[in-house]
Amino acid sequence: QVQLVESGGGLVQAGDSLKLSCAASGGPINLYTMGWFRQTPGKEREFVAGITWNGERTNYADAVKGRFTISRESTRDILYLELNSLKPEDTATYYCALRRNLVVEIPIVPNEYGYWGQGTQVTVSS
């Protein structure tokens with residue numbers, strides 16, 4: 001069973017940057033599609049960014065394109081999300097997700113991912 005643990009969240013000012021990490025245990029993640037989602041109270045979990053098993057394809061939500069960057073370090077089983085030019089509306093709990101089945105298109109629906117971390121809180125003050 002794969003376990004995912006997010007870290008790197010915190011309280012920052014608008015315009016600042018953060019780098020989130022997702023450490024995987026229980027097996028290598030280099031053959032899996034992975035992604036980041038975020039959720040705020042009263043709202044459904046929304047897709048932020050995803051990356052294919054080989055890192056050749058990425059996908060980003062329109063709200064974060066040009067500001068966030070997803071990457072993975074397969075040799076250490078770590079997924080990253082670099083958040084730049086943060087805005088108050090980026091405030092949310094950010095979750096790391098993993099999909100076991102290989103796909104060409106990166107899923108953007110939460111139900112397509114079978115493994116989740118507990119989340120890390122990102123708070124951006126105005």
Side-chain angles (χ1 to χ4, degrees):
Q1 181 77 8
V2 176
Q3 290 185 297
L4 306 174
V5 180
E6 303 94 336
S7 63
L11 174 62
V12 298
Q13 299 287 330
D16 285 351
S17 299
L18 282 173
K19 189 170 186 178
L20 308 182
S21 299
C22 172
S25 62
I29 64 172
N30 60 306
L31 297 179
Y32 300 146
T33 300
M34 299 190 71
W36 289 95
F37 290 75
R38 66 187 183 185
Q39 187 170 27
T40 57
K43 295 183 178 292
E44 295 184 349
R45 192 164 298 186
E46 65 173 341
F47 174 78
V48 176
I51 188 168
T52 56
W53 69 274
N54 56 9
E56 293 185 353
R57 294 179 184 271
T58 59
N59 192 22
Y60 297 91
D62 289 341
V64 306
K65 285 182 179 178
R67 298 190 298 118
F68 292 6
T69 302
I70 187 172
S71 62
R72 63 194 305 166
E73 178 55 67
S74 297
T75 59
R76 299 191 64 179
D77 295 343
I78 301 176
L79 177 73
Y80 300 102
L81 183 68
E82 184 177 353
L83 301 78
N84 298 313
S85 302
L86 282 164
K87 306 174 181 179
E89 50 262 45
D90 294 319
T91 295
T93 301
Y94 284 72
Y95 297 90
C96 172
L98 181 150
R99 176 186 170 89
R100 290 165 60 93
N101 294 338
L102 299 178
V103 293
V104 176
E105 296 185 20
I106 300 171
I108 62 173
V109 180
N111 289 343
E112 293 284 351
Y113 295 82
Y115 299 89
W116 297 86
Q118 291 297 108
T120 184
Q121 179 66 33
V122 173
T123 301
V124 185
S125 62
S126 60

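Residue indices begin at 1 and follow the sequence shown.
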Return a table of donor-acceptor pairs under 3.5 angstrom between the side chains of residues 15-24 and protein atoms on other chains or two or more places apart.
unit_1, atom_1, unit_2, atom_2, d
Asp16, OD2, Gln13, N, 3.1
Ser17, OG, Asn84, OD1, 2.9

List the atom of [X], the atom of [Y], and the distance in Å for their closest heavy-atom pair.
X	Y	result
Thr33	Pro107	CG2-CD, 4.1 Å
Thr40	Ala92	CG2-CB, 3.5 Å
Leu79	Cys96	CD2-SG, 3.8 Å

From [atom1] ([X]) to [atom2] ([Y]), nearest 0.5 Å:
X	Y	atom1	atom2	result
Leu11	Gln121	CG	CD	9.5 Å
Ser126	Glu89	OG	CD	10.0 Å
Ile78	Leu4	CD1	CG	12.0 Å
Asp77	Met34	CG	CE	8.5 Å
Thr69	Leu81	OG1	CG	8.0 Å

Looking only at atom types and distance, does a side-chain atom of [X] sit under 3.5 Å from a main-chain N or O of [Y], one as donor and one as acceptor?
X	Y	answer
Arg72	Thr52	yes
Trp53	Arg100	no
Glu6	Gln118	yes
Thr58	Ile51	no

Those residues at least two apart in sequence (or on a different chain) that pass side chain to side chain donor-acceptor pair (under 3.5 Å) with Thr120 are none
Linking Ile, Leu, Val, Met, Phe, Trp and Tyr by side-chain heavy atoms under 4.5 Å, what else ends up with Val109?
Phe37, Phe47, Tyr95, Ile106, Ile108, Tyr113, Trp116
Is there any salt bridge (Lys or Arg N to Asp or Glu O under 4.0 Å) pair reaching into residues 111-126, and which pairs are they, with sequence neighbours excluded?
Arg99-Glu112
Are Asp90 and Lys87 within salt-bridge range, i.e. N to O under 4.0 Å?
no
Once salt bridge (Lys or Arg N to Asp or Glu O under 4.0 Å) is applied, do any residues pair with Glu46, and if so which ones, sequence neighbours excluded?
Arg38
Residue set satisfying salt bridge (Lys or Arg N to Asp or Glu O under 4.0 Å) with Arg45, at least two apart, ordered chain then number -> none
